[in-house]
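No hydrogens, no waters, no symmetry mates; every other heavy atom, side chains included, goes into these values. All residue numbers refer to positions in the sequence shown, counting from 1.
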Amino acid sequence: AQATAITGRADRQVTAGAVGARASQPSRRSSPRAGTVARAVADAGAPVITARERCYAEDERHPQEVLQVTSGRWHTCALLRDRSGRCWGWNYDGQLGDGTRSNHDAPIVVQGVSDVAELRAAWDFTCARTTRGEVYCWGEADYGQLGDGGRHAREEPHRVAGLQRVERLALGATHACALRAGGAVSCWGENEFGELGDGSTRRRDRAVSARFGAGVTELAAGEGGTC
């Protein structure tokens with residue numbers, strides 16, 4: 001399978017972050033559209049990155065293989081072989097997880113979480129699942145999508161309360177769901193269209209059980225729904 005190569009110095013990188021560095025800052029409430037990043041690359045006059053068979057986040061001293069890449073609305077993150085995370089792009093809600101709200105056009109280390117097994121990025125927030133089955137989220141929290149019981153943006157990862165033995169994550173625009181061992185599902189965040197599956201349309205800033213029953217094996221989330 002082919003993957004995208006993240007290579008070179010910051011001024012040669014062609015990523016969502018590099019696009020952000022060259023383009024004007026988007027509205028926080030603008031609606032996402034398919035192909036937004038691709039069009040932004042073209043609009044910024046940046047060349048398209050070439051697909052390669054292997055994917056690397058290049059550090060000139062310590063290059064590491066990338067296991068996973070995930071993109072939100074205006075930021076991108078990569079999971080490295082050492083189970084650490086790197087993110088870059090817009091950071092106005094702390095979605096890069098480096099403890100600041102400064103934008104970065106090159107990958108920087110996600111602070112406060114280790115042994116990462118999975119990274120997922122959404123509109124303006126990011127979540128990580130660890131090898132221990134815990135979930136941590138950071139970034140925008142207006143809709144309770146960090147699952148920490150509050151609605152204040154976080155610049156560093158905070159653990160989602162009450163979740164254990166998580167095996168998979170799925171993030172929509174402003175909500176998140178976790179598939180737990182045994183096939184049960186928990187969700188949190190925006191719930192205007194019932195996307196949390198709890199039988200209500202109330203926003204939830206803590207994880208609630210979805211009424212899918214047990215035995216779920218696959219999970220996917222979109223802007224206003226979950227399957």
Side-chain angles (χ1 to χ4, degrees), residues 26-34 36 70-75 77 87 90 92-97 101 110 112-113 116-130 132-227:
S27 166
R28 289 184 55 188
R29 291 291 171 256
S30 58
S31 298
R33 293 179 175 87
T36 297
T70 180
S71 290
R73 182 164 56 161
W74 294 101
H75 73 293
C77 297
C87 294
W90 288 115
Y92 42 81
D93 279 311
Q95 57 263 52
L96 302 189
R101 296 199 185 190
V110 176
V113 63
V116 177
E118 180 183 10
L119 271 178
R120 295 293 172 192
W123 266 26
D124 300 317
F125 75 106
T126 313
C127 294
R129 173 176 61 86
T130 71
R132 301 178 298 278
E134 301 165 346
V135 177
Y136 293 78
C137 295
W138 58 97
E140 183 190 28
D142 292 355
Y143 303 92
Q145 63 265 50
L146 302 189
D148 63 353
R151 295 186 183 174
H152 301 287
R154 303 282 193 174
E155 295 87 8
E156 292 187 4
H158 280 249
R159 187 173 175 183
V160 176
L163 280 186
Q164 297 178 343
R165 301 176 65 199
V166 173
E167 297 182 343
R168 187 171 301 179
L169 294 176
L171 271 60
T174 53
H175 78 288
C177 293
L179 176 61
R180 308 196 314 269
V185 174
S186 295
C187 299
W188 59 98
E190 179 60 284
N191 198 24
E192 180 181 2
F193 304 105
E195 53 263 55
L196 304 188
D198 66 341
S200 80
T201 54
R202 288 182 54 198
R203 291 178 184 172
R204 305 287 188 174
D205 53 24
R206 293 183 182 273
V208 294
S209 295
R211 297 182 179 180
F212 297 152
V216 176
T217 59
E218 191 72 32
L219 192 63
E223 180 179 351
T226 309
C227 294

Do Trp188 and Cys137 pass the side chain to side chain contact (heavy atoms under 4.5 Å, CB included) test, and can you show the C-alpha distance, the side-chain angles, and the key distance before you say yes or no? CA-CA 11 Å; Trp188 59 98; Cys137 295; 4.2 Å; yes
Quick one about Tyr92 and Asp124 (side-chain donor to acceptor, distance below 3.5 Å, no hydrogens or angles considered), yes or no? yes
Are Arg180 and Ser186 linked by a side-chain donor-acceptor pair shorter than 3.5 Å? yes
Can you check side chain to side chain contact (heavy atoms under 4.5 Å, CB included) on Glu140 and Gln95, steps first, answer last? CA-CA 7 Å; Glu140 183 190 28; Gln95 57 263 52; over 6 Å; no
Measuring from atom [atom1] of [X] to atom [atom2] of [Y], what distance do you get when rounded to the nearest 0.5 angstrom?
X	Y	atom1	atom2	value
Asn191	Gln145	CG	CD	12.5 Å
Asp93	Phe125	CG	CZ	11.5 Å
Arg132	Gln164	CZ	CD	11.5 Å
Asp205	Leu146	CG	CG	9.5 Å
Ser209	Leu196	OG	CG	11.5 Å
Leu179	Arg129	CG	CZ	9.5 Å

[X]/[Y] ion pair, N-O < 4.0 Å:
X	Y	result
Arg168	Glu118	no
Asp148	Arg154	yes
Arg204	Asp198	yes

Which atom names give the shortest non-hydrogen contact between [X] and [Y], and what distance separates them?
X	Y	result
Leu119	Cys77	CD1-CB, 4.0 Å
Trp138	Glu156	CB-O, 3.5 Å
Trp90	Leu96	O-CD2, 3.7 Å
Ala122	Gly172	CB-O, 3.0 Å
Glu190	His175	O-CB, 3.6 Å
Pro157	Val110	CG-CG1, 3.8 Å

Evaluation steps, side chain to side chain contact (heavy atoms under 4.5 Å, CB included), between Leu169 and Cys177: CA-CA 6 Å; Leu169 294 176; Cys177 293; over 6 Å; no
Should we say atom CZ of Arg202 is surrounded by more than 12 heavy atoms from elsewhere, each under 6.0 Å from it? no
Would one find more than 12 heavy atoms of other residues, nucleotides or ligands at under 6.0 Å from atom CZ of Arg165? no
Would you check if the side chain of Thr70 reaches a backbone N or O of Ala121 as a donor-acceptor pair within less than 3.5 Å? yes
Does Arg203 form a side chain to side chain contact (heavy atoms under 4.5 Å, CB included) with Arg151? I'd like the steps, not just the answer. CA-CA 11 Å; Arg203 291 178 184 172; Arg151 295 186 183 174; 3.5 Å; yes
Between Leu219 and Val185, is there a side-chain heavy-atom distance shorter than 4.5 Å? yes
Applying salt bridge (Lys or Arg N to Asp or Glu O under 4.0 Å) to Glu134 and Arg159, what does each step give before you reach the verdict? CA-CA 7 Å; Glu134 301 165 346; Arg159 187 173 175 183; 3.5 Å; yes
cation_pi(Arg73, Trp123) dist<6.0 Å, angle<=45: yes
